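This report refers to the structure that appears directly beneath it.
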Amino acid sequence: MKKKPWSGRFSQDTSGLVERFTESVSIDGRLFVQDIEGSIAHAEMLKAAGLLSEDEARAITQGLREIARDIESGALVFDPALEDVHMNIEVELTRRIGEPGKKLHTARSRNDQVATDLRLYIRGRLGEVCTLLRRFMTTLIEKASGHVDTIIPGMTHLQHAQPVSFAHHLLAYVEMFMRDFDRAKDAARRLNVSPLGSAALAGTPHPIDRFMTAAALQFDEPGRNSIDGVSDRDFAIEAVFCASVIMMHLSRLAEEIVIWNSQPFSWVVLPDAFCTGSSIMPQKKNPDVAELVRGKTGGVYGSLVALLTMMKALPLAYNRDMQEDKAPVMQSLDTVCACLEVMDGLVQGLEVNREALERSLKAGFITATDMADYLVEKGVPFREAHRITGEIVSYLASQGKAFEDLGAEDFKKFSQAFGPDIVTVIRPESSVDRRRSFGGTARANVKAMIEDARTRVESLEV
Ligand code: ARG
């Protein structure tokens with residue numbers, strides 16, 4: 001069995017039960033890239049500070065690079081008895097290069113090491129999230145550009161409310177993901193402070209240069225307080241919060257797709273490649289991708305609550321509880337990336353069913369507000385206009401008819417204020433096009449907003 005680097009003061013071997021219970025390498029093994037990057041920066045700094053000779057630093061750096069290669073190729077596998085990724089790499093380095101390997105941990109603790117690794121890891125993954133968000137926004141905008149003239153029933157309370165351009169509806173999601181992008185960038189900016197050199201919690205008597213390691217790892221600056229450096233996990237919580245909000249947005253879209261795809265709606269047709277079948281019902285083509293995105297959202301929220309709860313009431317500085325941060329962080333970032341990718345494909349392949357949409361637009365008196373607004377324009381007070389329109393709705397509903405079934409003369413029976421133009425006003429297209437207020441659904445507006453969204457997305461820097 002490999003000796004643990006901390007075994008000096010122990011007279012018994014660790015129980016196998018405890019080894020299995022305390023190990024984290026099965027999860028934090030993924031941090032080997034960041035761990036090695038951080039160790040190389042630390043070794044270079046130790047050399048500059050005169051704490052490592054030129055030769056020792058070179059041996060360490062080369063050894064670490066070879067270890068990285070071997071982990072990647074699968075030639076080197078981690079030993080859970082060595083707890084975590086940090087000790088696995090350090091022990092392996094010393095096995096390979098001997099004495100200099102033992103000097104790498106000078107002026108460092110696993111506490112600042114793990115905080116550094118996790119910041120580097122999350123920074124990279126937030127970049128990935130931003131790239132995927134930008135791509136998905138582009139997909140939504142391109143889909144929207146083909147559907148400016150596709151009119152759907154806009155809903156409130158999941159009841160027909162007012163007609164809107166389908167493009168307008170899709171662009172609402174672009175606004176949400178735009179905020180998500182901004183949030184992720186903001187979290188990444190706040191995260192970019194180096195804990196390295198905080199050591200266990202109090203700093204170190206060695207003449208280290210924290211500015212040098214911060215710069216080498218592309219952090220903006222070293223953290224100002226060594227205790228905070230090793231106790232803070234706000235950045236992890238913020239990253240998972242970002243993931244949670246993205247999942248909430250994806251889940252709303254997923255839910256809409258499930259509804260639109262259900263037989264009573266049949267507004268959309270989903271690509272076969274993004275649906276699955278039933279083992280018993282041969283006719284089935286289920287929207288499982290959307291359902292899974294919706295379902296996985298709960299797990300991501302769970303990760304956020306797990307982290308917040310883990311950190312609450314933790315005394316300063318490092319506590320082993322904090323080892324439990326990696327799984328929720330990694331899982332939620334994995335999930336959000338996978339969901340963004342798969343929803344991108346689903347939306348790309350989504351097509352609308354025009355006949356079903358037309359049928360749907362005829363139901364539910366969707367242009368009732370336009371009728372009331374029309375009467376107001378003819379001088380009828382709004383409350384009166386609301387009542388008259390309500391009476392027409394009630395009459396038609398009892399007959400199983402729609403607005404389109406009435407001629408100009410029929411309308412006059414309800415109010416003398418109706419003119420022949422009412423039949424045009426109640427068409428969904430005119431309803432949409434009259435809504436020219438800034439941000440409204442008029443097709444001319446929507447076309448301009450598509451251009452605007454394209455420019456905004458193109459200017460986003462990942
Ligand atoms: N595996 C540990 C973690 O992820 C690394 C830090 C361990 N530090 C300690 N003092 N036990 O949190």
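Fair warning: this is a prediction, and the values are worked out from it, not measured in the lab.
A salt bridge links D232 with R119: at least one charged nitrogen is closer than 4.0 Å to a carboxylate oxygen. The residues R454 and E142 are annotated as salt-bridged, a charged nitrogen and a carboxylate oxygen being separated by less than 4.0 angstrom. Of the charged side-chain nitrogens involved, at least one lies within less than 4.0 Å of a carboxylate oxygen, so that D70 and R96 count as a salt-bridged pair. The residues D334 and R125 are annotated as salt-bridged, a charged nitrogen and a carboxylate oxygen being separated by less than 4.0 angstrom. A salt bridge is defined here as a Lys NZ or Arg NE, NH1 or NH2 lying under 4.0 Å from an Asp or Glu carboxylate O, and R320 with E83 meets this definition. In this structure, R190 pairs ionically with D186, as a charged nitrogen and a carboxylate oxygen lie closer than 4.0 Å.
Side-chain polar atoms of D288 and T276 form a donor-acceptor pair below 3.5 angstrom. Judged by distance alone, the side chains of R436 and N445 never bring a donor and an acceptor atom under 3.5 Å apart. A donor atom on one side chain and an acceptor atom on the other are not found under 3.5 Å apart for E92 and N88. Inspection of the R58 and S53 side chains reveals no N or O donor paired with an N or O acceptor under 3.5 Å. No side-chain donor-acceptor contact under 3.5 Å links R65 and Q62. A side-chain donor-acceptor contact under 3.5 Å links T139 and D344. Donor-acceptor pairing under 3.5 Å is recorded for the side chains of E256 and Y173. Inspection of the T150 and R354 side chains reveals an N or O donor paired with an N or O acceptor under 3.5 Å.
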Open item on the list: Pair F136, V347 - check side chain to side chain contact (heavy atoms under 4.5 Å, CB included), show working.
Closed with: CA-CA 9 Å; F136 190 38; V347 169; 3.8 Å; yes

Task: Stepwise salt bridge (charged side-chain N to carboxylate O under 4.0 Å, His left out) check, R69 with E72 - done: CA-CA 5 Å; R69 243 172 277 137; E72 241 157 73; over 6 Å; no

Task: Trace of the salt bridge (charged side-chain N to carboxylate O under 4.0 Å, His left out) decision for D112 with R108 - done: CA-CA 7 Å; D112 59 338; R108 183 175 80 169; 5.7 Å; no

Open item on the list: Go through it in stages, so that I can follow the logic: the residues are D117 and H86, the test is side-chain hydrogen bond (donor to acceptor under 3.5 Å, both in side chains), and I'd like the CA-CA distance, side-chain angles, deciding distance and then a yes or no.
Closed with: CA-CA 10 Å; D117 292 3; H86 325 292; 3.3 Å; yes

- [ ] Apply side chain to side chain contact (heavy atoms under 4.5 Å, CB included) to the pair L361 and I151, showing each step before the final yes or no.
- [x] CA-CA 8 Å; L361 277 167; I151 301 195; 4.0 Å; yes

Open item on the list: Go through it in stages, so that I can follow the logic: the residues are L308 and L304, the test is side chain to side chain contact (heavy atoms under 4.5 Å, CB included), and I'd like the CA-CA distance, side-chain angles, deciding distance and then a yes or no.
Closed with: CA-CA 6 Å; L308 285 167; L304 178 61; 4.1 Å; yes

- [ ] Could you check V193 against D220 for side chain to side chain contact (heavy atoms under 4.5 Å, CB included), going step by step and ending with a plain yes or no?
- [x] CA-CA 6 Å; V193 174; D220 296 329; 5.8 Å; no

Open item on the list: Using salt bridge (charged side-chain N to carboxylate O under 4.0 Å, His left out), reason through D182 and K185 one step at a time and then give a plain yes or no.
Closed with: CA-CA 5 Å; D182 193 48; K185 289 293 277 189; over 6 Å; no

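Annotation for V240 and S332: closest pair CG2-OG, 3.4 Å, computed over non-hydrogen atoms. Nearest heavy-atom pair across A43 and A57 is O-CB, 4.4 Å. When all heavy atoms are compared, the tightest approach of V77 to G74 is CG1-O, 4.1 Å. The two atoms that bring A290 and V258 nearest to each other are CB-CG2, 3.8 Å, heavy atoms only. The shortest heavy-atom contact between M310 and L314 is O-CG, 3.4 Å. Nearest heavy-atom pair across L250 and M343 is O-CE, 3.8 Å.
Checking side-chain atoms of S198 against main-chain N and O of G203 turns up no donor-acceptor pair under 3.5 Å. Of the possible donor and acceptor atoms, none in the side chain of S24 sits under 3.5 Å from a partner among the backbone N and O of I27. No donor-acceptor pair closer than 3.5 Å links the side chain of R435 to the backbone N or O of R443. Under a 3.5 Å cut-off, the side chain of R134 and the backbone N or O of L460 do form a donor-acceptor pair. Side-chain atoms of N353 come within 3.5 Å of backbone atoms of S266 as a donor-acceptor pair (strictly under, hydrogens ignored). The main-chain N or O of M311 is never found under 3.5 Å from a side-chain atom of D321 such that the two would form a donor-acceptor pair. The main-chain N or O of L196 is found under 3.5 Å from a side-chain atom of R210 such that the two form a donor-acceptor pair. With hydrogens and angles disregarded, a donor-acceptor distance shorter than 3.5 Å links the side chain of K143 to the backbone of Q348. Between the side chain of H168 and the backbone N or O of V432, no donor-acceptor pair lies under 3.5 Å.
The number of heavy atoms from other shown groups lying within 6.0 Å of CD (E324) does not exceed 12. The neighbour count for Q283 CD, taken as heavy atoms of other residues, nucleotides or ligands under 6.0 Å away, is above 12. More than 12 heavy-atom neighbours from other residues, nucleotides or ligands sit within 6.0 angstrom of CD on E221. Annotation for K326: atom NZ counts as buried by contact number, over 12 foreign heavy atoms lying within 6.0 Å. Atom CZ of R252 has 12 or fewer heavy atoms from other residues, nucleotides or ligands within 6.0 Å. Within 6.0 Å of NZ on K285 lie more than 12 heavy atoms contributed by other residues, nucleotides or ligands.
For the atom pair CE of M87 and CG of D79, the computed distance is 9.5 Å after rounding to the nearest 0.5 Å. Here the CD-CD1 distance, from E128 to I122, works out to 12.5 Å after rounding to the nearest 0.5 Å. Atoms CZ and CZ, from R189 and R123 in turn, are 14.5 Å apart once rounded to the nearest 0.5 Å. Here the CD atom belonging to E451 is positioned 8.5 Å from the OG atom belonging to S145, to the nearest 0.5 angstrom.
When each of I246, T131, L132, V342 is tested with C337 by the rule side-chain contact (heavy atoms from CB on, under 4.5 Å), just one qualifies, namely L132. Here the options are E23, E90, E19, the test is salt bridge (Lys or Arg N to Asp or Glu O under 4.0 Å), and the partner is K4; only E19 passes.
Aromatic ring orientation, F78 versus F32: tilted (interplanar angle from 30° to 60°). Classified by interplanar angle (parallel below 30°, tilted 30° to 60°, perpendicular above 60°), the ring pair W267/H160 is tilted.
Contact of the Y301 side chain with the M248 side chain is registered, since non-hydrogen atoms from C-beta on lie closer than 4.5 Å.
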